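Hydrogens, waters and symmetry mates are skipped; everything else that's a heavy atom, side chains included, is used. We number each residue from 1, following the sequence as shown. As the structure is a prediction and not an experimental result, all values here were calculated from the model.
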Amino acid sequence: MPSDGAIDPAVLALGRDVKLLILDVDGVLTDGGLIYDHQGHISKRFHVQDGLGIKIAQSLGLGIAVITGLNHGAVEKRVRELGIEEYHAGHVDKVPLMEGIRSRFGCESAQIAYMGDDWVDAGVMQAVGLPMAVANAQPEILRLAKWVSRLHGGQGAVREAIMFLLRCRGQFDAAWEKWSG
């Protein structure tokens, strides 16, 4: 369901209960592009607003974890820079990892949101309480999502998802007060 203001009350209730947001990387935290230099090194572009959103979420007690199918040093550097301890790279079977993270965070599957964009995310999206997708996700993933960003992956979609969750949890105004006052 798009984040256009007409959110189903059941989705708002799911968001209110979320304690942990798990993110995919390529196509969610990045635009999915792989930039190769002449030596074969890969670069990735991250949106700074997603990073601040993650830091705000962490400061308000919303857990953040990352599970990604690819394994690149640039991603690990960015994830560590953001203070995300639950980082799991090189995994396409994400459900077992989600279960381990869930256990370490002490929450139920219903208290987890997962944001994805492609088929590799389907299994874990079906195993969590609030499956979320970026606007430019694959059609099958969009059908699985209960909340869809207006923004594309790598363009601030993660920040948009976090702000939605903070509103659901009743924490948005307090977060804004900290920065505006």
Counting only heavy atoms not in Lys77 (residues, nucleotides, ligands), do more than 12 fall under 6.0 Å from its NZ? no
Is the count of non-hydrogen atoms from other residues, nucleotides or ligands lying under 6.0 Å from Glu140 atom CD greater than 12? yes
Nearest non-hydrogen partners of [X] and [Y], listed with the distance:
| X | Y | answer |
| --- | --- | --- |
| Asp24 | Thr68 | OD1-CA, 4.1 Å |
| Ala133 | Ala145 | CB-CB, 3.7 Å |
| Ala175 | Ile56 | CB-CG2, 4.1 Å |

Could you grab the distance from atom [atom1] of [X] to atom [atom2] of [Y], nearest 0.5 Å is fine?
| X | Y | atom1 | atom2 | answer |
| --- | --- | --- | --- | --- |
| Glu86 | Arg104 | CD | CZ | 4.0 Å |
| Tyr114 | Leu144 | OH | CG | 11.5 Å |
| Ile112 | Leu130 | CD1 | CG | 11.0 Å |
| Phe172 | Glu177 | CZ | CD | 11.0 Å |
| Met132 | Met115 | CE | CE | 5.5 Å |
| Leu23 | Leu29 | CG | CG | 5.0 Å |

Compute whether any side-chain donor of one residue and acceptor of the other, for Trp119 and Gln138, lie under 3.5 angstrom apart. no
Are Asp26 and Lys44 within salt-bridge range, i.e. N to O under 4.0 Å? yes
Pair Lys94 + Asp121, salt bridge at N-O below 4.0 Å: yes
Consider only side-chain heavy atoms of I, L, V, M, F, W and Y, link residues closer than 4.5 Å, and tell whether [X] and [Y] are in one cluster.
| X | Y | answer |
| --- | --- | --- |
| Ile101 | Val158 | no |
| Leu20 | Ile64 | no |
| Val18 | Val124 | no |
| Trp179 | Val48 | no |
| Met125 | Val11 | no |

Spell out, as yes or no, whether a donor-acceptor pair under 3.5 Å connects the side chain of Gln58 to the backbone of Gly63. no
Could you check whether any side-chain N or O of Gln155 sits under 3.5 Å from a backbone N or O of His152, counting only pairs where one atom can act as donor and the other as acceptor? no
Just do the side chain to side chain contact (heavy atoms under 4.5 Å, CB included) check on Tyr87 and Ile67 with the steps written out, would you? CA-CA 6 Å; Tyr87 170 63; Ile67 305 174; over 6 Å; no
Using side chain to side chain contact (heavy atoms under 4.5 Å, CB included), reason through Ile162 and Leu21 one step at a time and then give a plain yes or no. CA-CA 8 Å; Ile162 289 169; Leu21 172 61; 3.7 Å; yes
Are side-chain heavy atoms of Phe164 and Arg159 found at a separation under 4.5 Å? no
Quick one: are Glu99 and Ser109 in side-chain contact, heavy atoms under 4.5 Å? yes
Might you work through the side chain to side chain contact (heavy atoms under 4.5 Å, CB included) test for Leu62 and Leu165, ending with a clear yes or no? CA-CA 9 Å; Leu62 178 61; Leu165 292 172; 4.1 Å; yes
